[in-house]
Trainee: 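Got a structure here, written out as structure tokens. Questions coming.
Residue numbers start at 1 and run along the sequence shown.
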Amino acid sequence: MRREHLLGRLRSTLRWDVLVIGGGATGLGCAVDAAARGYSTLLLEAHDFAQGTSSRSTKLIHGGVRYLAQGRIGLVREGLAERATLLATAPHLVHPQRFVVPVYRQWDRLLLAAGLTAYDWLAGTRSLGPSRLLSASETAAALPGLQQDGLVGGIAYMDARFDDARLAIALMRTVFDLGGMAINNLPVTALRHAGGRIDGVGARDDETGEAFEIAARVVINAAGVWGDEVRQLDDASARPQLAPSQGAHVVVGRRFLPGSDALLIPRTPDGRVLFVIPWKGQLLLGTTDTPRADRPLEPRPLAEEIDFILDTAGRYLAHRPTRADVHSAFAGLRPLLGAGGGRTATLSREHSIEVSAAGLVSVAGGKWTTYRRMAEGIVERAAAVAGLPVRASTTAALALHASPGAPSDDVFGTDRAFIDSLPGAAQRVHPAFTLSEAEVRHGARCEQARSVEDLLARRHRALFIDAAAAIEAAPAVAAILAEELGWSTARTAESTEAFRRVAEGFL
């Protein structure tokens with residue numbers, strides 16, 4: 001997957017059936033769906049795949065317990081169905097996870113039991129196991145490290161966790177498996193119009209500055225929180241649809257909750273829920289919901305968000321985590337529907353599809369759990385706009401790239417044998433991480449890693465696991481990438497320093 005070969009294919013293809021703007025969950029899902037239907041498909045990503053929102057989630061594939069409390073039954077049912085699909089199609093990346101809700105008042109126990117029974121019922125035959133009431137002693141045993149003063153019991157239920165950025169990379173590889181193409185660092189700079197209709201885009205290679213004029217029968221705008229900007233390339237007067245919300249997370253050591261079960265805190269001061277989830281050998285705590293008027297590529301957690309998470313989790317843990325215990329802190333922007341201000345916690349996580357007068361198909365909103373189902377509807381709408389042959393979606397049963405067909409803890413799935421044939425398979429780049437020299441080479445050769453950040457943030461999750469250790473690992477990773485990608489000494493130093501600047505925002 002050498003970049004010069006991808007650019008050569010871009011130059012030689014006269015016209016694509018479907019062109020997708022945006023390499024996050026929604027855009028990658030659309031590209032997989034379109035390619036699986038046999039449409040010639042191209043995806044263009046301005047930065048790196050899942051660099052924005054789609055690598056910064058709470059790592060859950062779920063129906064959404066709190067959506068049930070809000071009465072969004074359809075959203076919950078759809079999410080639970082898609083949870084089952086992802087467990088089957090990407091078993092190396094999506095895994096069942098038991099959650100325990102501690103209860104300190106008997107009345108709360110009854111209310112939660114009723115709600116989680118409904119959650120089980122909505123899952124139907126795709127349930128991962130029934131929820132069950134726990135005694136105080138059973139709750140304490142399930143959640144070692146829990147604050148036990150006043151504990152009257154708990155409730156356990158099943159959901160799923162995943163590696164969001166690795167799922168994005170698997171989708172990108174699946175696009176190629178199906179005959180399509182996806183390329184990063186190639187932002188769209190303009191939408192081409194002919195006869196009042198969009199017939200392609202202008203784009204620029206960020207690495208060389210080369211400009212491209214790319215023809216397409218239909219263009220899908222899946223740019224996430226930047227979707228309004230793409231809509232305004234089509235129509236400068238288009239009114240904003242989105243009200244971005246920032247969700248912050250912190251990562252601390254497992255000593256605060258050393259068991260295998262996750263903790264759900266059912267009621268936070270801002271009316272949300274908060275999760276404490278075992279992930280990559282650490283604990284992931286989050287999330288917040290803070291309205292933002294801007295759309296930075298690298299949003300930083302606010303000091304008050306970090307304090308809120310630590311304080312809220314600390315009320316339920318025997319040992320309260322402090323800022324000194326934080327290994328990494330990160331934030332992502334949610335593309336919520338409902339521009340115009342107000343509390344983003346109440347805005348819809350559902351999505352909308354809009355077709356402009358010129359034929360631009362824009363999607364707004366959505367979430368990781370339902371990306372595949374969203375993509376089905378978006379591609380169907382896009383195919384109708386373009387007059388493409390009607391073909392059914394096949395992604396509900398489509399195993400994603402490297403799926404081993406059975407549950408596995410290896411995120412590389414069936415690619416493992418090839419990776420282990422590369423130089424450095426037994427050499428870790430840093431003792432804090434599982435990342436091997438061979439996995440770095442694989443990221444450069446097969447997964448379009450073009451920078452130290454691409455590798456340490458998304459091909460491997462080092463930056464999200466331990467930011468300080470990731471900074472220490474950066475020079476070794478840069479040296480391997482330099483060898484693989486032919487970097488000069490100056491380019492190697494530049495990529496290392498650029499990563500250090502980004503990583504400092506995670507400290």
Trainee: Answer yes or no: is there a side-chain heavy-atom contact under 4.5 Å between Leu151 and Val103?
Mentor: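 In short, these two side chains do not touch, never coming nearer than 4.5 Å.
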Trainee: Please check this pair: side chain of Arg295 against backbone of Trp226, looking for a donor-acceptor N/O pair closer than 3.5 Å.
Mentor: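 Here the side-chain-to-backbone pair does not exist.
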Trainee: Tell me if the aromatic rings of Phe412 and His442 count as close, with their centers under 6.0 Å from one another.
Mentor: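 Between His442 and Phe412, which both carry aromatic rings, the centre distance is below 6.0 Å.
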Trainee: For residues Pro423 and Glu437, determine if any side-chain heavy atom of one lies less than 4.5 Å from a side-chain heavy atom of the other.
Mentor: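 No - every pair of side-chain heavy atoms lies 4.5 Å or more apart.
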Trainee: How many angstroms lie between CD1 in Ile265 and CG in Leu263, if you round to the nearest 0.5 Å?
Mentor: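 Going from CD1 on Ile265 over to CG on Leu263, the span is 4.5 Å.
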Trainee: In Å, rounded to the nearest 0.5 Å, how long is the span from CH2 of Trp121 to CG of Leu116?
Mentor: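 Here the interatomic distance stands at 15.0 Å.
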Trainee: So, using ring pair (Phe, Tyr, Trp, His ring centres under 6.0 Å) as the criterion, who are the partners of Phe464 when residues are at least two apart?
Mentor: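 If we apply the ring pair (Phe, Tyr, Trp, His ring centres under 6.0 Å) test to Phe464, skipping adjacent residues, the hits are Phe330, Phe506.
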Trainee: Quick one: salt bridge (Lys or Arg N to Asp or Glu O under 4.0 Å) pairs with a partner in residues 128-147, sequence neighbours left out?
Mentor: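 Of all non-adjacent pairs touching residues 128-147, those that pass salt bridge (Lys or Arg N to Asp or Glu O under 4.0 Å) are Arg132-Glu138.
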Trainee: Looking only at atom types and distance, does a side-chain atom of Thr174 sit under 3.5 Å from a main-chain N or O of His401, one as donor and one as acceptor?
Mentor: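 Yes, the answer is positive, given that a donor and an acceptor are paired below the 3.5 Å cut-off.
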Trainee: Can you tell me if Arg461 uses its side chain to pair, donor with acceptor, with the backbone of Ala457 under 3.5 Å?
Mentor: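 Between the backbone of Ala457 and the side chain of Arg461 there is a qualifying donor-acceptor contact (under 3.5 Å).
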Trainee: Please check if any side-chain donor atom of Arg334 sits under 3.5 Å from a side-chain acceptor atom of Ser245, or the reverse.
Mentor: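 Yes - a donor-acceptor pair under 3.5 Å links their side chains.
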Trainee: Is the closest basic N to carboxylate O distance between Arg500 and Glu453 below 4.0 Å?
Mentor: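 A salt bridge is absent here (no side-chain N lies under 4.0 Å from a carboxylate O).
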Trainee: With no hydrogens and no angle check, do the side chains of Glu305 and Thr290 hold a donor and an acceptor under 3.5 Å apart?
Mentor: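 The answer is yes; a qualifying pair exists.
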Trainee: My understanding is that only residues two or more places apart in sequence, or in another chain, count here; which of them pass salt bridge (charged side-chain N to carboxylate O under 4.0 Å, His left out) with Asp261?
Mentor: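 Asp261 satisfies salt bridge (charged side-chain N to carboxylate O under 4.0 Å, His left out) with Arg98 only.
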Trainee: Write down the atom of Leu485, the atom of Ala444, and the distance for their closest heavy-atom approach.
Mentor: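 Scanning both residues, the minimum pair turns out to be CD2-CB, 4.1 Å.
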Trainee: Would you find a donor on one side and an acceptor on the other, under 3.5 Å apart, between the side chain of Ser495 and the backbone of Ser451?
Mentor: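 Looks like no, no N/O pair under 3.5 Å.
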Trainee: Whether the side chain of Arg72 engages the backbone of Gly64 through a donor-acceptor N/O pair (distance < 3.5 Å, no angle test) should be reported.
Mentor: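 Answer holds: no.
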Trainee: Among Arg428, Arg459, Arg416, find the residue that satisfies the salt bridge (Lys or Arg N to Asp or Glu O under 4.0 Å) test when tested with Glu439.
Mentor: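 Between Glu439 and the candidates, salt bridge (Lys or Arg N to Asp or Glu O under 4.0 Å) is satisfied uniquely by Arg416.
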Trainee: Which residues satisfy the salt bridge (charged side-chain N to carboxylate O under 4.0 Å, His left out) test with Glu494, sequence neighbours excluded?
Mentor: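 Checked Glu494 against salt bridge (charged side-chain N to carboxylate O under 4.0 Å, His left out); zero matches.
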Trainee: Any heavy-atom pair between the side chains of Ile169 and Phe49 that's under 4.5 Å?
Mentor: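 Answer yes - side chains close enough.
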Trainee: Please round to the nearest 0.5 Å and tell me the distance separating atom CG of Leu400 and atom OG1 of Thr89.
Mentor: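 With rounding to 0.5 Å, CG (Leu400) is 4.5 Å from OG1 (Thr89).
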Trainee: Taking C-beta and beyond as the side chain, do Asn185 and Glu45 meet within less than 4.5 Å on heavy atoms?
Mentor: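 No, side chains not in contact.
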Trainee: Closest approach of Val152 and Tyr104, non-hydrogen atoms and distance?
Mentor: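 Heavy atoms only, the tightest pair is CG2-C, 3.9 Å.
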Trainee: Does the side chain of Leu257 come within less than 4.5 Å of Leu317's, by heavy atoms?
Mentor: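 Yes; the side chains approach each other to less than 4.5 Å.
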Trainee: Can Ser57 and Asp164 be counted as having a side-chain donor-acceptor contact under 3.5 angstrom?
Mentor: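 There is such a pair between these side chains.
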Trainee: For Thr58, what residues pass the side chain to side chain donor-acceptor pair (under 3.5 Å) criterion, not counting sequence neighbours?
Mentor: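 Per chain and number, Thr58 pairs via side chain to side chain donor-acceptor pair (under 3.5 Å) with His249.
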Trainee: I'd like to check the salt bridge (charged side-chain N to carboxylate O under 4.0 Å, His left out) partners of Glu229; sequence neighbours left out, ordered by chain and number.
Mentor: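 Counting only residues at least two positions away or on another chain, Glu229 forms no salt bridge (charged side-chain N to carboxylate O under 4.0 Å, His left out).
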Trainee: Do His47 and Asp206 pair up side chain to side chain, a donor and an acceptor below 3.5 Å, judged on atom types alone?
Mentor: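 On atom types as modelled, these side chains do not qualify, holding no pair under 3.5 Å.
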Trainee: Start with the C-alpha distance between Leu128 and Leu87, add both sets of side-chain angles, then the distance that settles side chain to side chain contact (heavy atoms under 4.5 Å, CB included), and finish with yes or no.
Mentor: CA-CA 10 Å; Leu128 300 179; Leu87 283 164; 3.6 Å; yes
Trainee: Under the rule for ring pair (Phe, Tyr, Trp, His ring centres under 6.0 Å), what residues qualify as partners of His430, not counting sequence neighbours?
Mentor: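 Ring pair (Phe, Tyr, Trp, His ring centres under 6.0 Å) check on His430 returns Phe433.
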Trainee: Is Cys446 close to Arg173 at the side-chain level, that is, under 4.5 Å between some pair of heavy atoms?
Mentor: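 Counting from C-beta outward, Arg173 and Cys446 do come under 4.5 Å.
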Trainee: Would a distance-only check, ignoring hydrogens and angles, find a side-chain to backbone donor-acceptor pair under 3.5 Å from Gln282 to Ile465?
Mentor: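 Present.
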Trainee: Please report the interatomic distance CZ(Arg372) to OG1(Thr395), rounded to the nearest 0.5 Å.
Mentor: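 Separation between the atoms: 4.0 Å.
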Trainee: Where is the tightest heavy-atom contact between Leu80 and Ala123, given as atom of each residue plus distance?
Mentor: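 Distance-wise, the nearest heavy atoms are CD1-N, 3.6 Å.
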Trainee: Can you pull the side chain to side chain donor-acceptor pair (under 3.5 Å) pairs that have at least one residue in residues 141-157, sequence neighbours excluded?
Mentor: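 Pairs touching residues 141-157 that pass the test: none.
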Trainee: Counting only N and O atoms by type, is there a donor-acceptor contact under 3.5 Å from the side chain of Glu484 to the main-chain atoms of Leu481?
Mentor: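 Flag not set: sc Glu484 to bb Leu481 has no pair under 3.5 Å.
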Trainee: So, does Ser403 use its side chain to make a donor-acceptor pair with the main chain of Ala90 at under 3.5 Å?
Mentor: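 No, Ser403 side chain to Ala90 backbone: no donor-acceptor pair under 3.5 Å.
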Trainee: Please round to the nearest 0.5 Å and tell me the distance separating atom CG of Leu111 and atom CD of Gln106.
Mentor: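 Leu111 CG to Gln106 CD: 11.5 Å, rounded to 0.5 Å.
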Trainee: With sequence neighbours left out, what residues match Arg255 under side chain to side chain donor-acceptor pair (under 3.5 Å)?
Mentor: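 Partners of Arg255 by the side chain to side chain donor-acceptor pair (under 3.5 Å) criterion, ordered by chain and then number, come out as Asp325.
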Trainee: Mark yes or no for whether Asp159, through its side chain, and Leu60, through its backbone, hold a donor-acceptor pair below 3.5 Å.
Mentor: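 It does not hold such a pair.
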Trainee: What salt bridge (Lys or Arg N to Asp or Glu O under 4.0 Å) pairs are there with at least one residue in residues 306-320, not counting sequence neighbours?
Mentor: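 Listed once each, the pairs are Asp307-Arg323.
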Trainee: Would a distance-only check, ignoring hydrogens and angles, find a side-chain to backbone donor-acceptor pair under 3.5 Å from Thr268 to Arg272?
Mentor: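 Checked: pair present.
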Trainee: Applying salt bridge (Lys or Arg N to Asp or Glu O under 4.0 Å), run through Glu447 and Arg166 and close with a yes or a no.
Mentor: CA-CA 10 Å; Glu447 296 179 341; Arg166 286 302 318 177; 2.8 Å; yes
Trainee: Looking at every heavy atom in both Ile183 and Gln448, which two are closest together, and how far apart are they?
Mentor: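 That would be CA-OE1, 3.6 Å.
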Trainee: For Gln97 versus Ala262, what's the shortest heavy-atom pair and its separation?
Mentor: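 Shortest heavy-atom contact: NE2-N, 3.3 Å.
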Trainee: How would you list, by chain and number, every residue that makes a ring pair (Phe, Tyr, Trp, His ring centres under 6.0 Å) with Phe256, sequence neighbours excluded?
Mentor: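 By the ring pair (Phe, Tyr, Trp, His ring centres under 6.0 Å) rule, Phe256 matches no residue at all.
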Trainee: Search all heavy atoms of Arg458 against all heavy atoms of Ser55 and return the closest pair with its distance.
Mentor: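 That would be CG-CB, 4.2 Å.
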Trainee: Calculate, to the nearest 0.5 Å, the distance between atoms OG1 and CG belonging to Thr288 and Leu274 respectively.
Mentor: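 Output value for this atom pair is 9.0 Å.
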Trainee: State which residues pass salt bridge (charged side-chain N to carboxylate O under 4.0 Å, His left out) with Asp466; sequence neighbours excluded, sorted by chain then number.
Mentor: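 With neighbours one apart ignored, the set is empty.
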Trainee: Determine, step by step, whether Tyr119 and Val76 satisfy the side chain to side chain contact (heavy atoms under 4.5 Å, CB included) criterion, reporting the C-alpha distance in whole Å, the side-chain angles of both residues, the deciding distance to 0.1 Å, and the verdict.
Mentor: CA-CA 8 Å; Tyr119 198 64; Val76 174; 3.9 Å; yes
Trainee: More than 12 non-hydrogen atoms from neighbouring residues, nucleotides or ligands closer than 6.0 Å to CZ on Arg373, yes or no?
Mentor: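 Count not over threshold, so no.
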Trainee: Whether the Thr117 and Asp120 side chains hold a donor-acceptor pair (N or O, under 3.5 Å, no angle test) is what I'd like checked.
Mentor: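 Judged by distance alone, the side chains do not pair up.
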Trainee: From the options Thr414, Asp420, Leu422, select the one residue that forms a side chain to side chain contact (heavy atoms under 4.5 Å, CB included) with Phe418.
Mentor: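 Per the side chain to side chain contact (heavy atoms under 4.5 Å, CB included) rule, the option paired with Phe418 is Leu422, out of Thr414, Asp420, Leu422.
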